[in-house]
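Only one structure is covered here, and it is reproduced in the block below.
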Amino acid sequence: MIDLLILAEKASAAKHMAKAFGGTTGRMAGKTYKIVHAHGHLMAFKDPDKMVTTAAAKQRYSSWTDMQTMPWDQADFSWAKTYTKAYNAYTKKSKSTRADITAIKAEAANAQAILMATDNDPSGEGDLLGWEIINAIKWHKPVYRIRFADETPKSLNKALHQMVAITDQFKQGEYLKSDARSKWDFLSMQLTRISTYAARQAGYRVKVINQGRLKSVIVLKIWQQQQLIDNYVKTPYFEAKFKDPAGHIFARELKTDAQKQAARFADEKSGQTATARYTKSPVTNIKRVRKTQAPGALLDLAKLGSLLARQGFNPKEVLATYQKMYEAEIVSYPRTEDRKITQEQYNELLPVVDSIAAVIGVDQRLLTHRTLRSKHCASAAAHGANRPGIKVPQSLTELAKYGPSAQAIYKTLAANYLAILGEDYEFDRVTAQLQLYPTFKTGFNVPVKLNYKAIFDDAEQVLAKTKPLSTVVGPEAVPFMYQGANPKPTRPSADWIGKFLEKHNIGTGATRLSVQAQLTSGKNAFINEKRGFYTLTQPGTIAAVLVRDTWIGSPQITKQLFDHMDAVGQLNESPAVVVNSATKVVAHDLPLILNNSQALAQFVGKPAPTRTTKKYKAKPKVKGQYCDGQTVEFNATWSGHKFSAEERRKLLQGATITFEATSKYGKTYTATGALKQQTYKGKQFWGFKAAFGK
DNA sequence: GCAAGGTC
């Protein structure tokens, strides 16, 4: 018997704990222990029709076509969970998690208590997956919880001394809120059924039109942006500005629409007239101020994905390659939420920063900033921002075995990390104005010392390829007519969607990239991706048009969900209120989606005419009363033979008949048989059944 | 056939 069975979320966490506590089994703080681990969620909700008991309910919750069955009544559901299938990328096989549960159960049989040491995610997901396992093994003895700031030995040992008892899961806010979240998302599946039905009703032969609070928002946002681009009309304007001999532009700062209207003219002539009112003016009030800028935030996976998209790597490949590099401990944990690191994580990496620099060809003399800036420092960061691992590769070429993007991943990730060891970028801010017209101003930056920017330049993409202007301003500037235009809307891209999702706090670091990978791959892809730029496919356009003006397509829905989840987490609100709100969304969106299907023809073109192949042609039927009294319907023709009135009468009497049939190869043969109730693909039907072999 | 959230 051991005192504590320590349950870690995943293999890497278990490994770090073994390192911190002195082995997979052992004794620490006067207690014997053993470490086991899951791999994320081992349990998931059963299908809707498997969570209800009566035959009528089972029928209701399996329907994809009867809109009267929705919204679902969540009170009908048992919310029972079952094992999931875990996909192994190496064996390319899916395996049930049943074996993992059995193994943990066997270990628990020898333990006095379980210590839940899963991740401490802000969403409570670690608590949810921990309880799923504890419930699945039917554990009724004490449960303790630790929450660690990161997985370094120091933090893990510190957490161990702050162990708390959490024996009642229904009083634990973290569990309650993530449980409510998972039920909310589960109920949102109805919107996929509704959308699929709506598209088919409108005549589109679609597979599945997926909807959810990530998918719908992404697809709708891309569609709306595409509409803006399609409807964009370039409207030129003409405005008076000044230019000095070096080419610096002096202009008025136009903030409000009124200011813009007063200074900009739609026709060239008015622009010329306005410009002609000005004369050459001396430049005055030239100021040079030395300024500094600290390195930017560290990367998360979505940001890394979008940086690499510009180099032609797709999210799916980047995810897979990163995962392999993580398993080899060359890079840190991929699915992190963190954009910061703890002091411990910083200290851990410090001894190897010079060798990392050598591998990616960064000048080690630039790495002089050996304290962690507060802007990059978090008091708790379970995994910390995406960064290089403690294991440093010998060279970049050695990384090629992990995948096409491996070298690019390491170079980008390492350079971004090393930048925080560089000194602040130094530049001069130069400003000046015109003596005669002081509202006309200019301003630009002159680099003094690149410092961290020589390691990783976060603003790289913004820099134009034009030659920088001379830093000499003035001594005078002449008026000229500037021709501008209203800006063209940005093309949807991985980067752009990433920023949008982050702004609205939709999805987590892990799901933001994985849902984009999902939407851009497979036969039923909703998004075409090319070098990071997005366009919608036909099913993608259908999905978007269907959720116009709906709640599921609005980023506000996630905001509301999260606000309510926080209240549940604080035990200030009943979880049922959160779950109920999903039903309200379905009730609100159902008629809108059905109505939106009428707009499909306008935006995605008319559906292709239905194929009239033999396979889909309805066969003529015969109806009558069978000898047992029930009314039956069966095909009027069987294997090229049309039953005569006499044969039909006999068949309904239950008699055996014999006739000449024609095979599909044109050969005639004698068939003997009777009318029978049969099953085809799980569906029952009545029809002639030949007694072959006679 | 359905979600989003973990995981490999």
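Chain letters run A, B, ... following the sequence lines, proteins first and then strands; every chain starts at 1. Source: prediction; values computed, not measured.
- Of the candidate nucleotides B:dT7, B:dG1, B:dC8, B:dT7 has the atom lying nearest to any side-chain atom of A:Glu9.
- For A:Tyr333, a side-chain nitrogen or oxygen approaches OP1 or OP2 of B:dT7 to under 4.0 Å.
- One can place CZ of A:Phe562 at 13 Å from C1' of B:dA3, the figure rounded to the nearest angstrom.
- Looking at heavy-atom distances under 4.0 Å, A:Ser188 makes contact with sugar-phosphate atoms alone, never a base.
- Going from atom CG of A:Asp179 over to atom C1' of B:dA4 covers 14 Å, rounded to whole Å.
- The aromatic rings of A:Tyr61 and A:Trp72 sit perpendicular to each other, their planes meeting at more than 60°, with 30° as the lower class boundary.
- Counting non-hydrogen atoms under 4.0 angstrom, A:Gly507 reaches the backbone sugars and phosphates but no base.
- Ring geometry, A:Trp496 versus A:Phe500: the interplanar angle falls under 30°, so the pair is classed parallel (tilted spans 30 to 60°).
- Remark: A:Ser182 is not in phosphate contact with B:dG5, judged by side-chain N or O atoms under 4.0 Å from OP1 or OP2.
- Taking atom CG on A:Leu7 and atom C1' on B:dG6, their separation rounds to 13 Å, with Å as the unit.
- Proximity note for A:Arg213 (side chain, C-beta onward) versus B:dA3, B:dG5, B:dC2: the nearest is B:dG5.
- Taking for each of A:Met43 and A:Ser62 the nucleotide of DNA chain B with the nearest heavy atom, the 5'-most of the two is the partner of A:Ser62.
- The environment of A:Asp549 atom CG is sparse: at most 12 non-hydrogen atoms of other residues, nucleotides or ligands sit within 6.0 angstrom.
- If you check B:dG5, B:dG6, B:dA3 against the side chain of A:Phe45, the one that comes closest is B:dA3.
- Under 4.0 angstrom from either OP1 or OP2 of B:dG1 there lies no side-chain N or O belonging to A:Arg200.
- Heavy atoms of A:Tyr61 sit nowhere under 4.0 angstrom from any nucleic acid atom.
- Put simply, CZ on A:Arg512 is 19 Å from P on B:dA3, counting in whole angstrom units.
- Ring orientation note: the planes of A:Phe186 and A:Phe45 are nearly perpendicular, at an angle over 60° on the 30°/60° scale.
- Note: NZ (A:Lys177) to C1' (B:dG5) measures 14 Å, nearest angstrom.
- Side-chain atoms of A:Pro388 and A:Val331, non-hydrogen and from C-beta on, never get closer than 4.5 Å to each other.
- In this structure, the nucleotide among B:dC2, B:dC8, B:dG6 sitting nearest to the side chain of A:Thr511 is B:dG6.
- Of the two residues near DNA chain B, A:Asp121 and A:Leu187, the one whose nearest nucleotide lies more 5' is A:Leu187.
- Between B:dC2, B:dG5, B:dG1, one nucleotide has an atom nearer to the side chain of A:Thr196 than all others, and that is B:dG1.
- In this structure, A:Asn210 places its CG atom 15 Å from P of B:dG5, rounding to the nearest Å.
- Checking B:dA4, B:dG6, B:dA3 against every side-chain atom of A:Thr192, the shortest atom distance belongs to B:dA3.
- Counting any heavy atom pair closer than 4.0 Å across all strands shown, A:Lys207 reaches a base atom.
- At a threshold of 4.0 Å, the pair A:Lys340-A:Asp300 does not count as salt-bridged, since none of the basic side-chain nitrogens sits closer than that to a carboxylate oxygen.
- For B:dT7, the OP1/OP2 oxygens have a side-chain nitrogen or oxygen of A:Lys10 closer than 4.0 Å.
- Distance A:Met116 CE to B:dG6 P: 16 Å, rounded to the nearest Å.
- Residue A:Trp184 is out of contact with every strand shown, counting any heavy-atom pair closer than 4.0 Å.
- Among the nucleotides B:dA4, B:dC8, B:dT7, the one closest to the side chain of A:Leu214 is B:dA4.
- We find that A:Lys316 and A:Glu529 are not joined by a salt bridge, their nearest charged nitrogen and carboxylate oxygen being 4.0 Å or further apart.
- Between the P atom of B:dG5 and the CZ atom of A:Phe186 lies a distance of 16 Å, rounded to the nearest Å.
- If you check B:dC2, B:dA4, B:dG5 against the side chain of A:Glu125, the one that comes closest is B:dG5.
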